[in-house]
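Notes to accompany the following structure.
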Amino acid sequence: MRRRRVLAIVTITALAMLGVVPAAAAEDGSNPAIVRQGHQWHLRDSLSGGPATTFFYYGRLGDTQHSLCDWNGDGTQTPGVVRMTNDRPQWLLRNSNSGGPADHSFVYGRENDRAVCGDWNGDGQQTPGVVRLQDDGTYVWHLRYELRGGAADLTFEFGQRQYDGEFPPAWPVVGDWNGDGYDSVGVVQGHPDGEMQWQLRNATDAGEPDLDFVYYDRAVWGDHMEGHSPIVGDWNGDGRDGPGVIRGVDGANPQWLLRDEPSAGSADHVFRYGRHIDITRSWR
Ligand SMILES: [Ca+2]
Ligand SMILES: [Ca+2]
Ligand SMILES: [Ca+2]
Ligand SMILES: [Ca+2]
């Protein structure tokens, strides 16, 4: 991934020397993806509504967690699912955006953990992590450098679920907020008044958030027909991840409200993609 980024910078520099200004560096950026009914993957290659540009079946009905990460470091994010097998989370990862068997299969984490994935050590390969909610509302992150089970390589506390109960929700998120090639952690906390507060840290250890802002303040919790959830991606392809909100109202096609900068402000990219209750993801 980093090699591709360097090549892109060299190309842009060469174009600039010729007096050509590239329209946007979004070619290498993140794009929308949805998972329908837990096993139908619809990937789109631009920040716009329309039909899927890549479609395949992967996983089974009943698989609980769905990821798109770069498991082999070739620059393309591909699917992973978690399947509960004998009460243990089995990770089933595939290296291409197509149906077929898993290329990697291992058990990692516990039931009720939240599955995440990221490049924790900056080698270009994204690997698993789990986020475990403690009784006191603190999140403990257990991150792994390899695609196999075993002890976590990094374990630390970051983030706090501020309100008891299911609503307002709090979501662990992962991204490369500062563009240094390392993914790190964050929590998006919903507030009763509809604010979504992003608290992001640039390191994979305990500490204060490096970034703390509200992105989107008109969310509604608890109504099945009105869904709001955060999403992360490098929408403009500059190497840094930014925030987004998926907004569904009245069961209509969800609206994607994506922002390039990890800060408060308005959306830079707005479109509708997917259907009500589809799982929403980003990929590149
Ligand atoms: Ca890959
Ligand atoms: Ca890595
Ligand atoms: Ca980073
Ligand atoms: Ca970006």
Side-chain angles (χ1 to χ4, degrees), residues 1-7 9 27-31 33 41 43 45 54 56 58-59 66-81 91-106 108 115-130 141-156 158-159 172-187 198-213 232-243 260-263 281-284:
M1 277 206 311
R2 292 168 104 193
R3 207 174 305 132
R4 288 182 59 176
R5 196 170 296 152
V6 170
L7 272 175
I9 290 165
E27 192 178 310
D28 203 27
S30 301
N31 285 312
W41 300 70
L43 278 48
D45 64 4
T54 301
F56 56 93
Y58 183 68
H66 302 77
S67 309
L68 282 160
C69 263
D70 187 1
W71 313 114
N72 60 356
D74 70 350
T76 301
Q77 294 180 317
T78 55
V81 297
W91 295 60
L92 297 156
L93 313 180
R94 187 157 164 82
N95 285 331
S96 61
N97 283 318
S98 58
D103 295 299
H104 308 274
S105 170
F106 53 90
Y108 185 64
V116 295
C117 47
D119 185 1
W120 319 119
N121 58 0
D123 67 354
Q125 185 185 18
Q126 295 183 302
T127 53
V130 295
W141 299 68
H142 302 264
L143 309 182
R144 190 88 174 104
Y145 289 153
E146 296 175 84
L147 300 180
R148 47 192 176 123
D153 294 291
L154 297 170
T155 300
F156 58 94
F158 179 77
V173 290
V174 166
D176 184 358
W177 319 117
N178 60 357
D180 66 354
Y182 290 76
D183 288 319
S184 58
V185 300
V187 170
W198 296 64
Q199 296 186 306
L200 310 179
R201 184 155 167 80
N202 284 328
T204 45
D205 57 20
E208 294 298 312
D210 295 294
L211 301 163
D212 191 337
F213 59 91
V232 169
D234 179 8
W235 316 118
N236 60 356
D238 70 350
R240 293 179 306 138
D241 284 313
D260 289 326
E261 291 296 317
S263 61
R281 293 288 179 264
S282 68
W283 76 290
R284 67 195 300 173

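Whatever order the structure lists them in is the order used to number ligands and atoms, beginning at 1. Numbering starts at 1 and runs along the sequence shown. Computed from a prediction, not measured in an experiment: that's the story for all the values here.
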Item to check | Contact summary for Trp141 and Val173, nearest pair of heavy atoms | outcome: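 Residues Trp141 and Val173, closest heavy atoms: CH2-O, 3.5 Å.
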Next on the checklist: Give me the atom names and distance for the closest heavy-atom approach of Asp70 to Thr76.
Outcome noted: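 Looking at all heavy atoms of both residues, the closest pair is OD1-O, 3.2 Å.
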Checklist entry - Backbone N or O of Val232 within a donor-acceptor pair of the Ser282 side chain at under 3.5 Å? => result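 Yes; judged by distance alone, with no hydrogens or angles, the pair exists.
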Item to check | Exam field: side chain Gln125 to backbone Asn72, donor-acceptor pair closer than 3.5 Å | outcome: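 Such a contact is absent between Gln125 side chain and Asn72 backbone.
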Checklist entry - By atom name, which N, O or S atom of Asp74 is the nearest to the Ca ion (ligand 1)? => result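 Going by distance to the Ca ion (ligand 1), the closest N, O or S atom in Asp74 is OD1.
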Next on the checklist: Looking only at N, O or S atoms in Asp70, which is nearest to the Ca ion (ligand 1)?
Outcome noted: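 Output for this pair reads OD1.
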Checklist entry - Out of curiosity, Trp41 CH2 to Thr78 OG1, how far, rounded to the nearest 0.5 Å? => result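 So the gap between those two atoms works out to 9.0 Å.
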Item to check | Reported CG-to-CG distance for the pair Leu200 and Asp176, which is rounded to 0.5 angstrom | outcome: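 With rounding to 0.5 Å, CG (Leu200) is 11.5 Å from CG (Asp176).
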Next on the checklist: For the metal site, I want the angle between atom OD1 of Asn121 and atom O of Gln125 with the Ca ion (ligand 2) at the apex, to 10°.
Outcome noted: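 Approximately 170° at the metal, rounded to tens of degrees.
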Checklist entry - Under 3.0 Å from the Ca ion (ligand 3), is there an N/O/S atom belonging to Tyr182? => result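 Checking the Ca ion (ligand 3) against Tyr182, an N, O or S atom does fall under 3.0 Å.
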Checklist entry - Does Asp176 bring an N, O or S atom to within less than 3.0 Å of the Ca ion (ligand 3)? => result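 Here the distance criterion (N, O or S atom, under 3.0 Å) is met by Asp176, so yes.
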Checklist entry - Of all N/O/S atoms in Asp180, which lies nearest to the Ca ion (ligand 3)? => result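 Per the distance ranking, Asp180 contributes OD1 as its closest N/O/S atom to the Ca ion (ligand 3).
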Item to check | N/O/S atom name from Asp119 that is nearest to the position of the Ca ion (ligand 2) | outcome: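 When I compare the N, O and S atoms of Asp119, OD1 is nearest to the Ca ion (ligand 2).
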Checklist entry - When you measure from the Ca ion (ligand 2) to each N, O or S atom of Asp123, which atom gives the shortest distance? => result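 Looking only at N, O and S atoms of Asp123, the one nearest the Ca ion (ligand 2) is named OD1.
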Item to check | salt bridge (Lys or Arg N to Asp or Glu O under 4.0 Å) between Asp234 and Arg240, worked out | outcome: CA-CA 6 Å; Asp234 179 8; Arg240 293 179 306 138; over 6 Å; no
Item to check | Metal-centred angle, OD1 of Asn72 through the Ca ion (ligand 1) to O of Thr76, rounded to 10 degrees | outcome: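 Rounded to 10°, it measures 170°.
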